[in-house]
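Here is the structure we will look at, set down as structure tokens.
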Amino acid sequence: MSKYNDLWEYVRKSEKESFQLTFGEIQKIAGIPIDHSFLKYKKELMEYGYQVGKISMKEQTVAFQRIET
């Protein structure tokens, strides 16, 4: 089980083609702050039908896109 499972489930249940979340929103959903390890864990999201897009440190946002299947 990943420390980001709650976030991955949230993204999967959104059913949106693409959207973005702020670092603060991610912390509320996942129950933990986003950190550098997120880069390692982000590939897990592909199992849920989505991928992590642009990560903006300036705007503190993460984009998510549905994967074509």
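Scanning for salt bridge (charged side-chain N to carboxylate O under 4.0 Å, His left out) contacts around Glu47 gives an empty result, with sequence neighbours left out. In terms of the side-chain contact (heavy atoms from CB on, under 4.5 Å) criterion, residue partners of Gln27 (sequence neighbours excluded) are, by chain and number, Pro33. In this structure Glu9 satisfies the salt bridge (charged side-chain N to carboxylate O under 4.0 Å, His left out) test together with Arg12, sequence neighbours excluded. Asn5 pairs by the side-chain contact (heavy atoms from CB on, under 4.5 Å) definition with Met1, Ser2, Trp8, Tyr48, not counting sequence neighbours. With sequence neighbours left out, Lys16 forms a side-chain contact (heavy atoms from CB on, under 4.5 Å) with Ser14, Phe19.
Annotation for Gln51 and Leu45: closest pair C-CD2, 3.9 Å, computed over non-hydrogen atoms. Of all heavy-atom pairs between Phe64 and Ile26, the closest is CZ-CD1, 4.3 Å. Between Ile67 and Tyr50 the shortest heavy-atom distance is CD1-O, 3.2 Å. Considering every non-hydrogen atom in both Ile29 and Asp6, the closest pair reads O-CB, 3.5 Å.
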>> side-chain contact (heavy atoms from CB on, under 4.5 Å), that's the test. Do Tyr41 and Leu7 meet it? Break it down for me.
In response: CA-CA 11 Å; Tyr41 286 97; Leu7 176 61; over 6 Å; no
Below 3.5 Å, can you tabulate the donor-acceptor pairs from side chains in residues 53-62 to any protein atom, sequence neighbours excluded?
residue : atom : partner : partner atom : Å
Ser56   : OG   : Glu59   : N            : 3.0
Thr61   : OG1  : Gln20   : OE1          : 3.3

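Criterion: ILVMFWY side-chain heavy atoms under 4.5 Å apart, direct or through other members. Under it, Val52 and Ile32 are part of a common hydrophobic cluster.
Side-chain atoms of Arg66 come within 3.5 Å of backbone N or O of Glu15 as a donor-acceptor pair.
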